[in-house]
Novice: 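Just passing along the structure, written as C-alpha cells.
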Amino acid sequence: QGIQAQEENEIYDTNTIKTIERLSFTAIEIVELPMIIQDKAATDFEDYRIKVAFISDNKHYKIVLVNKNSITKVMYASPTGKWIKPDDKS
C-alpha cells in the first residue's frame, strides 16, 4: 500500500506523505542533491531557490525552497527524483 509505480509516474497517497514526514532526515549540502532534483526544483519552482536539503535513511529527500519574498515551501522527493505529493484523485 502507499506507493504505486506506473512507467514514469509515481503516485503517493496521503498516508505515504505522513510516513515520509515522520522519517528522520539529515542535513546535506545542496550540491549533494541528485542533479535531477536540483534541475526539477529550478524548473518547477523557478521563483524559488533551494535553501536547505535533507536526506533520509531510505534516500528520500526533503528540500526547503525560498523565494525573494522569504516565502518558503517544503518539498519531498523520491530516490528517483519524483516529487511526492498526495494523490490528486483522493
Side-chain angles (χ1 to χ4, degrees):
Q1 287 249 8
I3 299 175
Q4 301 172 345
Q6 298 177 338
E7 292 289 317
E8 298 270 325
N9 299 324
E10 289 176 300
I11 300 170
Y12 295 84
D13 66 21
T14 305
N15 290 331
T16 303
I17 298 297
K18 290 176 184 172
T19 299
I20 289 171
E21 289 174 342
R22 286 193 300 263
L23 291 174
S24 177
F25 286 90
T26 303
I28 59 172
E29 296 293 324
I30 294 168
V31 296
E32 295 178 78
L33 277 174
M35 190 53 68
I36 190 167
I37 294 175
Q38 293 182 50
D39 290 345
K40 284 183 62 77
T43 302
D44 296 349
F45 305 102
E46 59 187 36
D47 293 335
Y48 289 77
R49 66 177 178 79
I50 299 172
K51 180 178 179 181
V52 185
F54 302 88
I55 189 169
S56 70
D57 289 341
N58 64 355
K59 307 295 184 217
H60 282 82
Y61 296 90
K62 175 180 175 180
I63 62 171
V64 178
L65 303 160
V66 63
N67 71 8
K68 65 181 180 181
N69 297 320
S70 299
I71 296 172
T72 60
K73 285 183 183 268
V74 176
M75 296 297 298
Y76 296 92
S78 73
T80 59
K82 304 290 184 188
W83 295 126
I84 299 170
K85 58 189 174 198
D87 184 356
D88 293 333
K89 297 176 185 171
S90 59

Novice: For the side chain of Asn67 and the backbone of Asn69, is there at least one donor-acceptor N/O pair under 3.5 Å apart?
Specialist: yes

Novice: Going by the rule side chain to side chain contact (heavy atoms under 4.5 Å, CB included), which residues pair with Thr72 if we only count those two or more places apart in sequence or in a different chain?
Specialist: Val64, Val66

Novice: If you round to the nearest 0.5 Å, how far is OG of Ser24 from CG of Asn58?
Specialist: 10.5 Å

Novice: Please report the shortest heavy-atom distance between Phe54 and Ile28, naming the atom on each side.
Specialist: N-CG1, 4.0 Å

Novice: Please examine the side chains of Ile84 and His60, heavy atoms only from C-beta on, and report whether any two atoms are closer than 4.5 Å.
Specialist: yes

Novice: Yes or no on side chain to side chain contact (heavy atoms under 4.5 Å, CB included) for Met75 and Leu65, after CA distance, side-chain angles and deciding distance?
Specialist: CA-CA 8 Å; Met75 296 297 298; Leu65 303 160; 3.8 Å; yes

Novice: Measure the OH-CD1 distance between Tyr76 and Ile63 for me, rounded to the nearest 0.5 Å.
Specialist: 11.0 Å

Novice: Report, as yes or no, whether the 6.0 Å neighbourhood of atom CG on Asp57 holds more than 12 heavy atoms from other residues, nucleotides or ligands.
Specialist: no

Novice: Just distance, no hydrogens or angles: give the donor-acceptor pairs under 3.5 Å from side chains in residues 34-45, sequence neighbours left out.
Specialist:
{"unit_1": "Gln38", "atom_1": "NE2", "unit_2": "Ile30", "atom_2": "O", "d": "3.4"}
{"unit_1": "Gln38", "atom_1": "NE2", "unit_2": "Leu33", "atom_2": "O", "d": "2.8"}
{"unit_1": "Thr43", "atom_1": "OG1", "unit_2": "Asp39", "atom_2": "O", "d": "3.0"}
{"unit_1": "Asp44", "atom_1": "OD2", "unit_2": "Trp83", "atom_2": "NE1", "d": "2.7"}

